[in-house]
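Note that the structure is a prediction, hence the values are computed from the model and not measured. All heavy atoms count here, side chains included; hydrogens, waters and symmetry mates do not.
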Amino acid sequence: MSAPGYPGPYNNSPYPMAQYGDKSGAPYPAPHGGYVDPHQAPPPGFNPGYNQGPPPVMYQPGPVPEYGAPPGAIAPAMAAAAPVGVPPGLEYLTQIDQILIHQKVELLEAFIGFETNNQYEIKNSLGQKIYNAKEKNDCCTRNCCGSLRSFDMKIKDTMDREVIRLIRPFRCVSCWFPCCLQEMEVQAPPGTTIGYVKQDWHPCLPKFSIQGPNKETLLKLDGPCFACNCCGDVNFELKGKDSGQSVGRISKQWSGLLKEVFTDTDNFGIQFPLDLDVKVKAVLMGACFLIDFMFFEKVGEANQRSSVFS
């Protein structure tokens with residue numbers, strides 16, 4: 001007699017069983033042949049296939065969902081011990097080689113042209129938010145100084161802790177003489193300088209130096225003659241200070257005709273070597289924001305700058 005609630009004989013399993021040739025009973029193949037534990041989730045990565053992929057990525061530490069939280073709330077993985085010399089809150093940057101930065105749309109700015117503080121979401125390659133960034137200054141500075149305005153920008157992690165601070169002083173536009181060049185200081189944690197982004201003088205090309213805390217040049221960043229994205233991306237190549245070989249890039253990504261014409265919301269991608277010093281990765285984030293303000297920030301009806309001349 002069949003057991004209550006089961007339609008078949010007691011020895012018929014409702015789940016497909018492994019073949020006798022499969023000694024592990026696993027339902028999907030392992031990356032290098034054989035089988036893996038069926039109770040172990042496949043490793044996350046940029047390419048979800050089982051044949052190949054990068055090493056697992058640790059989730060950015062965040063608040064753990066409370067008991068009874070709605071479905072979909074996932075508790076973050078336990079954070080590994082921070083490597084020596086890594087500023088608090090930047091541990092996650094040691095495991096990734098690219099960052100996406102998306103500027104939020106400000107409705108007040110889009111409709112009436114009143115300049116507001118820029119806000120950004122910083123994500124990994126899977127689209128998961130890892131940091132928030134918000135500009136801080138006064139109304140007069142934003143609307144009178146335009147894209148050249150000074151500001152402090154706070155970058156916070158998913159637990160609302162400030163982990164990076166960007167400080168940009170006011171600088172005038174100068175293309176004919178090596179003075180009043182743009183500069184940004186990067187602090188992590190706030191109060192501790194880890195590097196600078198400094199504009200290098202050039203008559204027609206946007207060039208920058210990625211510097212350490214003592215203003216020693218570590219990397220170079222070279223942009224195109226016209227930083228104008230007409231239906232395409234604009235790339236700023238990251239190069240070694242001596243070799244000139246490209247090791248990464250900062251890309252202004254095409255956002256679509258409507259966004260490009262009627263708003264100044266921008267999307268950027270940053271690529272760098274995986275083993276690059278985490279402090280230099282943070283300085284590259286500052287370089288991305290400086291490039292955004294210099295070449296892609298529109299104030300009111302003013303057009304964006306497309307080169308060092310305008």
Do Q98 and S125 get their side chains close enough for a donor-acceptor pair, meaning under 3.5 Å?
->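 Their side chains do not contain a donor-acceptor pair, so the 3.5 Å distance test is not met.
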Should P213 and T192 count as side-chain neighbours, where that means a heavy-atom distance under 4.5 Å?
->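 Sidechains of T192 and P213: no contact.
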Evaluate the side-chain proximity of F208 to L290: yes if any heavy-atom separation is below 4.5 Å, no if none is.
->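 Contact flag for L290/F208 side chains = yes.
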What pair of heavy atoms forms the shortest contact from [X] to [Y], and how long is it?
| X | Y | result |
| --- | --- | --- |
| R149 | R168 | O-NH1, 3.2 Å |
| P224 | V234 | CG-CG1, 3.6 Å |
| D97 | P273 | CB-C, 4.4 Å |
| E183 | P169 | O-CD, 3.4 Å |
| A188 | I164 | CB-CG1, 4.2 Å |
| L284 | I250 | O-CD1, 3.9 Å |

Report the distance from atom [atom1] of [X] to atom [atom2] of [Y], rounding to the nearest 0.5 Å.
| X | Y | atom1 | atom2 | answer |
| --- | --- | --- | --- | --- |
| S251 | L100 | OG | CG | 10.5 Å |
| L219 | L238 | CG | CG | 5.0 Å |
| N132 | K104 | CG | NZ | 5.0 Å |
| E237 | Q245 | CD | CD | 11.5 Å |
| M153 | M184 | CE | CE | 6.5 Å |
| N117 | K136 | CG | NZ | 10.0 Å |

Determine, step by step, whether Y131 and I99 satisfy the side chain to side chain contact (heavy atoms under 4.5 Å, CB included) criterion, reporting the C-alpha distance in whole Å, the side-chain angles of both residues, the deciding distance to 0.1 Å, and the verdict.
-> CA-CA 10 Å; Y131 298 110; I99 295 175; over 6 Å; no
Please step through ring-ring contact (aromatic ring centres under 6.0 Å, His included) for the pair F151 and F293, ending with a clear verdict.
-> CA-CA 11 Å; F151 62 81; F293 276 87; 4.5 Å; yes
Kindly state whether the ring of F268 and the ring of Y120 have centres lying under 6.0 angstrom apart.
->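 No; Y120 has its ring centre 6.0 Å or more from that of F268.
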Candidate pair Q211 and T217, rule side chain to side chain contact (heavy atoms under 4.5 Å, CB included), full reasoning = CA-CA 4 Å; Q211 301 179 339; T217 299; 4.0 Å; yes
Can any side-chain N or O of [X] pair as donor or acceptor with the backbone N or O of [Y] at less than 3.5 Å?
| X | Y | result |
| --- | --- | --- |
| E216 | N214 | yes |
| D152 | R165 | no |
| Q95 | L93 | no |

Quick check on the hydrophobic clustering: are [X] and [Y] connected, directly or via other members, by side-chain heavy-atom contacts under 4.5 Å?
| X | Y | answer |
| --- | --- | --- |
| I130 | V283 | yes |
| I167 | F289 | no |
| Y196 | L276 | no |

Heavy-atom neighbours of K281 NZ exceed 12 at 6.0 Å =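 Buried by this count: over 12 neighbours within 6.0 Å.
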Check step by step if side chain to side chain donor-acceptor pair (under 3.5 Å) holds for Y92 and N124.
-> CA-CA 10 Å; Y92 184 74; N124 60 15; 2.9 Å; yes
Apply the side-chain contact (heavy atoms from CB on, under 4.5 Å) test between K156 and each candidate in E162, R161, K134; give the one that qualifies.
->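 The single option meeting the side-chain contact (heavy atoms from CB on, under 4.5 Å) with K156 is E162.
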Anything under 30° is parallel, anything over 60° is perpendicular, the rest tilted; go ahead and classify F236 against F295.
->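 The rings of F236 and F295 sit tilted, inter-plane angle from 30° to 60°.
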Among K241, K220, K207, the one residue meeting salt bridge (charged side-chain N to carboxylate O under 4.0 Å, His left out) with D200 |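 Per the salt bridge (charged side-chain N to carboxylate O under 4.0 Å, His left out) rule, the option paired with D200 is K220, out of K241, K220, K207.
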Going through the checks in order, is the side chain to side chain contact (heavy atoms under 4.5 Å, CB included) test met by V197 and I291?
-> CA-CA 10 Å; V197 182; I291 289 173; over 6 Å; no
Take I210 and V280, measure what side chain to side chain contact (heavy atoms under 4.5 Å, CB included) needs, and give me the verdict at the end.
-> CA-CA 8 Å; I210 306 300; V280 181; 4.2 Å; yes
